[in-house]
Chemist: 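Got a structure for you, written out below as structure tokens; questions coming shortly.
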Amino acid sequence: MSIEQTSQNPSAKPRVAVVFGGRSSEHAISVSTAGSVLKAIDRDKYEVLPIGITHEGRWALVSDEPARMAITDGRLPSVDHVAESTEGQVALPVGPGSREVVWSEPDTAPKALGEVDVVFPLLHGPWGEDGTLQGLLELSGVPYVGNGVLASAVGMDKEFTKRLLASHGLDVGRYTVVRPREWETEEGRAAVRERAAGLGLPLFVKPCRAGSSIGITKVKDLSELDAAIEEARRHDPKLIIEAGVSGREIECAVLEFEDGPRASVPAEILVGGGYEFYDFEAKYIDSSEVRIPAELSAEETAGIRRQALAAFEALGCEGLARVDFFLLDDGGWMVNEVNTMPGFTPISAYPKMWEATGLSYPELIDRLLQAALRRSTGLR
């Protein structure tokens with residue numbers, strides 16, 4: 001879709017700005033997610049305006065070519081590869097009085113690209129999934145798909161996710177948080193090592209505000225702890241160290257319907273290929289198996305669906321979320337994390353769980369867009 005074509009469109013169909021990419025380490029996953037969504041959106045029902053955010057933060061008009069956004073033979077896509085210009089920038093509305101999107105390039109007059117009716121934010125990680133983009137859209141008065149500012153921010157920060165879930169009686173396991181300043185002094189490092197040792201082994205050291213298993217290290221000996229912390233700090237100065245647990249990794253998708261949120265059939269992550277846990281390579285490159293539905297008893301299935309809905313409500317979620325659990329060896333459930341913008345790639349569990357529950361991928365996208373168009377911005 002060229003710039004000239006997007007600036008003149010008399011169609012009465014709702015106009016969807018699909019925003020993806022971003023500055024986080026999950027940029028490529030966001031691009032792949034957007035490719036899948038663009039391919040699935042019903043073009044007879046919606047007009048689409050793809051907008052990519054580069055690694056540097058430039059908002060670019062992007063070619064509507066979903067095939068170029070896929071992860072192919074281990075090659076990770078980026079917005080720069082599909083952007084229509086290396087310098088032009090897209091600007092969303094800056095106030096609630098207009099929904100006009102504007103395109104500008106150096107030494108040329110800005111071009112109006114027309115109004116958008118709803119934004120589908122498909123960013124993962126900081127600077128997009130964490131409430132920052134949601135806040136911008138609230139200020140602009142533009143409806144958008146998914147969670148609001150608070151749920152997005154809390155869901156991105158593993159510490160506060162756990163605090164809120166625990167306050168609602170959900171088991172979140174044992175953990176300790178490493179704040180940026182603490183690791184910068186020898187006294188602070190010693191305190192971190194002592195707390196980590198008290199959790200036992202193995203440990204999982206994670207960036208506190210990242211997803212897609214990027215920057216995570218499984219620590220089987222305390223001599224490995226410092227290196228694991230330094231690796232996580234490459235992605236986030238704030239870290240979380242979690243005690244390892246023994247159990248099965250189960251996920252459940254939650255979607256908001258007109259009468260309230262509902263939970264899908266659950267899925268089980270089966271990590272293969274010699275991987276010790278569900279890290280980035282296992283998830284997106286070698287594609288570990290996702291069994292849907294998970295082989296659970298009726299009682300276990302009911303339990304996880306009930307707890308997924310409880311987690312959704314505890315964080316004040318809207319629209320959608322994926323809740324990740326461990327079914328422990330003793331039969332108990334533990335929430336691992338809540339993903340407020342789950343992946344929509346061809347191998348992602350979220351759309352697959354809804355497909356197994358009876359809602360196809362295109363129907364899922366349509367339901368999310370229709371819910372966003374009905375919902376007001378601001379306090380609600």
Chemist: Using the ring of Y144 (Phe, Tyr or Trp, six-membered ring only), decide whether R375 places NZ or CZ under 6.0 Å from its centre and within 45 degrees of its axis.
Modeler: yes
Chemist: Testing the 3.5 Å rule here: is there a donor-acceptor pair between the side chains of S36 and T33?
Modeler: no
Chemist: With side chains defined as the heavy atoms from C-beta onward, is the minimum distance between R248 and E295 less than 4.5 Å?
Modeler: yes
Chemist: For L164, is there any backbone N or O sitting under 3.5 Å from a side-chain donor or acceptor partner on S167?
Modeler: yes
Chemist: Going only through I, L, V, M, F, W and Y residues with side-chain contacts under 4.5 Å, is there a path from L309 to M353?
Modeler: no
Chemist: Thinking salt bridges, do E159 and R179 make one under a 4.0 Å N-O criterion?
Modeler: yes
Chemist: Is it the case that the ring center of F344 lies less than 6.0 angstrom away from the ring center of Y350?
Modeler: yes
Chemist: Do V116 and V16 come within less than 4.5 Å of each other through their side chains, counting heavy atoms only?
Modeler: no
Chemist: Report yes or no: is the cationic atom of R262 (NZ for Lys, CZ for Arg) closer than 6.0 Å to the six-membered ring centre of F257, at no more than 45° off its axis?
Modeler: yes
Chemist: Are E242 and K206 within salt-bridge range, i.e. N to O under 4.0 Å?
Modeler: yes
Chemist: When you measure from the side chain of N147 to the backbone N and O of E318, does any donor-acceptor pair fall under 3.5 Å?
Modeler: yes
Chemist: Under 4.0 Å between a Lys/Arg side-chain N and an Asp/Glu carboxylate O for D117 and K13?
Modeler: no
Chemist: Apply side chain to side chain contact (heavy atoms under 4.5 Å, CB included) to T357 and list each qualifying residue two or more places apart in sequence or on a separate chain.
Modeler: S264, V265, R305, W354
Chemist: Just wondering, are more than 12 heavy atoms of other shown residues or ligands nearer than 6.0 Å to CG in D259?
Modeler: yes
